[in-house]
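Owing to the predicted nature of the structure, the values given are computational and were not obtained by experimental measurement.
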Amino acid sequence: MRRAGGVETVARFGVALLGGVALLTWFELPARSQTSQGGSSSLPPVTVEAPVKQSARRAPTRRNNAPVRSTSRRAPQAPTVAVPSQPGVVPAFAGGQVAQGARLGLLGNTGTMKSPFSVTSYTDKFIRDQQAATGADALILDPSVRSSHPTGGVVDSFNIRGFPVNEGNNGEFAFEGLYGIAPTYRIFTDYVERIEVLKGPSAALSGMAPNGGVGGVINVVPKRADEDLTRLTASYGSTARFGGHWDVARRYGDGKEWGIRASGSLRDGDTPINRQSETTGVGSLALDYRGERFRSWLYLIAQTDRFDAPSRPFLIPSGLQVPKAPDGRLNVTQPWEWSRINDQSALLRTEYDVSDQVTLFADVGGSRTNVERFFGLPTIVSGSGNTTSTPQYFGLSIDRTTYDGGLRARFDTGFVHHALAFQASVYHDALYRRLTNGTLVSSNIYNPTVAPTQFANEISDRPRLSDSQLTGLSIADTMSVLDERILLTLGVRRQGIETNNYASNVGTLASSYDRSAVTPVVGLVVKPVENVSLYANYVEGLARGDVAPQTASNFGEVLQPYVAKQYEAGIKVDFGRIAATFSAFEISKASGELSAGRFAATAEQRVRGLEFNVYGELMQGVRVLGGISLLDGTLTKTAVATNVGNTPIGVPNVQANIGAEWDLPWMRDLTLNGAVIYTGRQFVDSANKQPIPEWTRLDLGARYTTAINGRKTVFRANIQNVTGESYWSSVASFGTFFLGAPRTYLLSMTVDM
């Protein structure tokens, strides 16, 4: 449904914002010296500006930070560039695209070379330069991650190391290391300072994921005030989507102990997908206090995401081959189908230093999501691309709360240094849902039709669908010797799982269970030389057991929690300007299935993989980011004997990405960038009779950094899917598959006031 009035309004808003920015910069204070590209073309190994100290004794927020490595002895002969780092945020590596470390759940911020896990943290600079509006956009160059939902869809879900993450209504994005805070379905980058990906199961470190995802943890590190900032951005995306973004930070007090940061955006208009329009509004506020011993942060987020004709995944019956992918601009969703999702989140964090060696912490927060939508799930019913779909009104409310507390301590026993952490946590969610059905609609993926308008049969009452409570007690100790040349991490978590399931649209109790499990973690790092780390880990993930469906003879029986096991070993090498990691891993996880009328945990999936990642500055003015992931997915157990040994649904054999940036030597303020993204063949079914073919996508872009009347100004232009490839992009774990993104143009102008 094209909304000319809305587009015109936002177009006027965009023009007014651009004009206002230009006018402000023209009449501001006299021009300062022209700002270059921020030194990215000559970044040596990073040094860090320490946060403002409240006393001469120590910086109050240093305790949670990874120690900053000294690289001066390997630094090339170039001027040192200071990269500001927010308190509690690991500083950026050379090139500014990824950080030198990330949060490892209970273990807190840990430097990459000291971490016994594979983890990547993408910076705000990288996110802005990619013009990434969502978390899925920001993770496009991670070879271990693939989005498993369509462009123009209402959910960001992923496959990490071949296992699903955020497939469900409970939300599996961590926020400051905690579940239950981040918006449920999509993360907008307006409030994001870092997006961190910890690869592999991590129940002992982060707790059980609410939907049971075991492939990894995606953690959002929010923006907070550091130095004063006023940044305005105007943006445009094809076909006619305009937006404006603001980001303001200030610190107050004699010692700059009080901070405030407000950011947000408004975007509205038609997307490059036919008949589709999207309106988003985001607002966030971060308040903090940094005293000598006491520190506190308060985060507030509100966002709304509204679609007309949202993109939907496809189903296909067994025995029918997946047809060739249509043009990515085509849309079988009807113009009168829609989605409205509103999220509100809040988190209060506190820390108190009892001494220089002991810190107490406590956190409390929660979120509320309201969903109203009216659309169907199209099923392809013929090789010629005919589809059927029944629109469904879906009213859903999700309430989540989380509490945790504990301590971190550092002490020595002889020549062994200990970093001990203890945490107790409680997570609770409750879902309320109402479903009503419309009438069947027919269409075609190559020639979508417009059916007569239907209206949602909205009923305000929403019976309870489910509720659950996850409790945990965790303890971990990282022991180091020989000046941290050898680090051994041992940890364990006792996880309690209480769940109640209710009859859909009725609200009467259908099943419940109360289970618990213990999950360990073991990690080892050996540094034979300063810039080389050898690491290995054994870690387990945890997912709640399935409930036997109505078609099973043991209907209502709840299976024991599933335990996923990972073995991993690898090497990390830091050359100063550029770093590389190589790892080998194996993850196995059981699941439930129906066999001979009975539902039982008789299925098992195993994924073995090799991963190679590289990032940093290849040479002066040239930055690279990417890698390759080779996956060997196997159904090791299943009730269907002929499927044993087959490839699991949605697991490709190869995922490869490479992105590069080049600061033109003859025009240093102009940067060209490009990326190639490749994904191998995937299967829609466990019998491996319905494949979707491999695909490759090319993205290109440029940015120009200058100063207008002394104000740093950055112009960015990106083209996604330059060649306009038509492709099926990915498959979700339950067999739905998705159409890839069409060619998309993105333009923006950012001014630092």
Side-chain angles (χ1 to χ4, degrees), residues 136 139-140 142-151 153 155-168 172 197 199-201 209 211-216 218 311-318 320-323 325 377 379-380 541 543 546 562 564 585-593 603-609 611 629-638 640 643-657 677-695 697 727-741:
L139 298 178
I140 192 65
D142 193 311
S144 303
V145 180
R146 282 296 181 267
S147 174
S148 60
H149 209 76
T151 300
V155 178
D156 280 351
S157 57
F158 304 88
N159 281 329
I160 304 179
R161 288 188 168 178
F163 290 87
V165 172
N166 207 50
E167 286 187 358
E172 286 188 327
V197 184
K199 296 157 189 174
N211 288 320
V214 299
I218 299 174
S311 300
R312 299 294 293 140
F314 292 88
L315 281 171
I316 192 167
S318 60
L320 183 64
Q321 289 299 301
V322 178
L377 180 65
T379 299
I380 298 175
D546 292 319
Y562 304 129
F585 67 87
E586 176 183 296
I587 304 174
S588 60
K589 176 183 176 293
S591 59
E593 62 178 349
E604 183 181 70
Q605 172 179 329
R606 183 190 67 207
V607 177
R608 291 171 173 165
E611 292 175 338
S629 180
L630 306 177
L631 301 175
D632 177 18
T634 306
L635 295 173
T636 54
K637 296 179 182 178
T638 177
V640 182
N643 289 347
V644 174
N646 284 356
T647 301
I649 292 173
V651 180
N653 58 343
V654 180
Q655 297 176 171
N657 308 0
I677 303 149
Y678 171 83
T679 301
R681 185 176 67 165
Q682 303 167 66
F683 291 100
V684 173
D685 65 323
S686 297
N688 289 179
K689 303 295 186 182
Q690 297 170 292
I692 63 171
E694 62 185 9
W695 59 270
R697 192 181 102 183
Y727 60 98
W728 301 113
S729 63
S730 57
V731 183
S733 62
F734 34 84
T736 55
F737 55 102
F738 313 95
L739 190 59

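At least one donor-acceptor pair closer than 3.5 Å links the side chain of S311 to the backbone N or O of T151. Checked by atom type and distance alone, the side chain of Q690 pairs as donor or acceptor with a backbone atom of P317 at under 3.5 Å. A donor-acceptor pair under 3.5 Å is absent between the side-chain atoms of Y678 and the main chain of E694, judged by distance alone. Checking side-chain atoms of Q682 against main-chain N and O of I649 turns up no donor-acceptor pair under 3.5 Å. Checking side-chain atoms of Q655 against main-chain N and O of P143 turns up a donor-acceptor pair under 3.5 Å.
Of all the heavy atoms in N159 and V731, the pair that sits closest is ND2-O, 3.4 Å. Closest heavy-atom contact between G740 and S729: CA-CB, 3.9 Å. Of all heavy-atom pairs spanning A543 and G212, the tightest one is CB-O, 3.5 Å. The two residues P652 and G680 make their nearest non-hydrogen contact at CB-O, 3.6 Å. Residue P201 comes nearest to G541 through the heavy atom pair CB-N, 3.3 Å, listed as atom of the first residue, atom of the second, then distance. Between I316 and P323, the closest heavy-atom pair is CD1-CD, 4.1 Å.
For the atom pair CZ of R608 and CG of L630, the computed distance is 14.5 Å after rounding to the nearest 0.5 Å. Between atom CG of residue L315 and atom CG of residue L377 there is a gap of 4.5 Å, rounded to the nearest 0.5 Å. Here the CZ atom belonging to R681 is positioned 7.5 Å from the OG1 atom belonging to T647, to the nearest 0.5 angstrom. Taken to the nearest 0.5 Å, the CG atom of D685 stands 10.5 Å off from the CZ atom of F737. Atom CG in N643 sits 5.5 Å away from atom OG1 in T638 (nearest 0.5 Å). If you take NZ on K689 and CG on N646, they are separated by 8.0 Å, rounding to the nearest 0.5 Å.
Between H149 and S730 the shortest side-chain heavy-atom distance does not fall below 4.5 Å. Put simply, the side chain of P691 does not reach to within 4.5 Å of the side chain of V322, judged on heavy atoms. Residues W728 and L739 meet the side-chain proximity criterion, which asks for heavy atoms closer than 4.5 Å. Residues N657 and I140 have side chains not in contact (no heavy-atom distance under 4.5 Å, counting atoms from C-beta outward). Inter-residue side-chain proximity for R161 and V607 is flagged as unmet; no heavy-atom pair is nearer than 4.5 Å. Between V651 and R146, the closest side-chain pair of non-hydrogen atoms is not below 4.5 Å. By the 4.5 Å heavy-atom criterion applied to side chains, L635 and V644 are not counted as neighbours. Looking at I218 and I160, their side chains come closer than 4.5 Å, going by heavy atoms from C-beta outward.
With hydrogens and angles left out, the side-chain atoms of E167 and S157 include no donor and acceptor closer than 3.5 Å. Of the N and O atoms on the side chains of Q605 and S591, not one donor lies less than 3.5 Å from an acceptor on the other residue. No side-chain donor from either of S144 and S629 sits under 3.5 Å from a side-chain acceptor of the other.
At least one cation-pi condition fails for R697 and Y727: the charged atom is not both under 6.0 angstrom from the six-membered ring centre and inside a 45 degree cone around its axis.
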Does the pair S588 and E604 meet the rule for a side-chain hydrogen bond (donor to acceptor under 3.5 Å, both in side chains), with working shown? CA-CA 7 Å; S588 60; E604 183 181 70; 4.6 Å; no
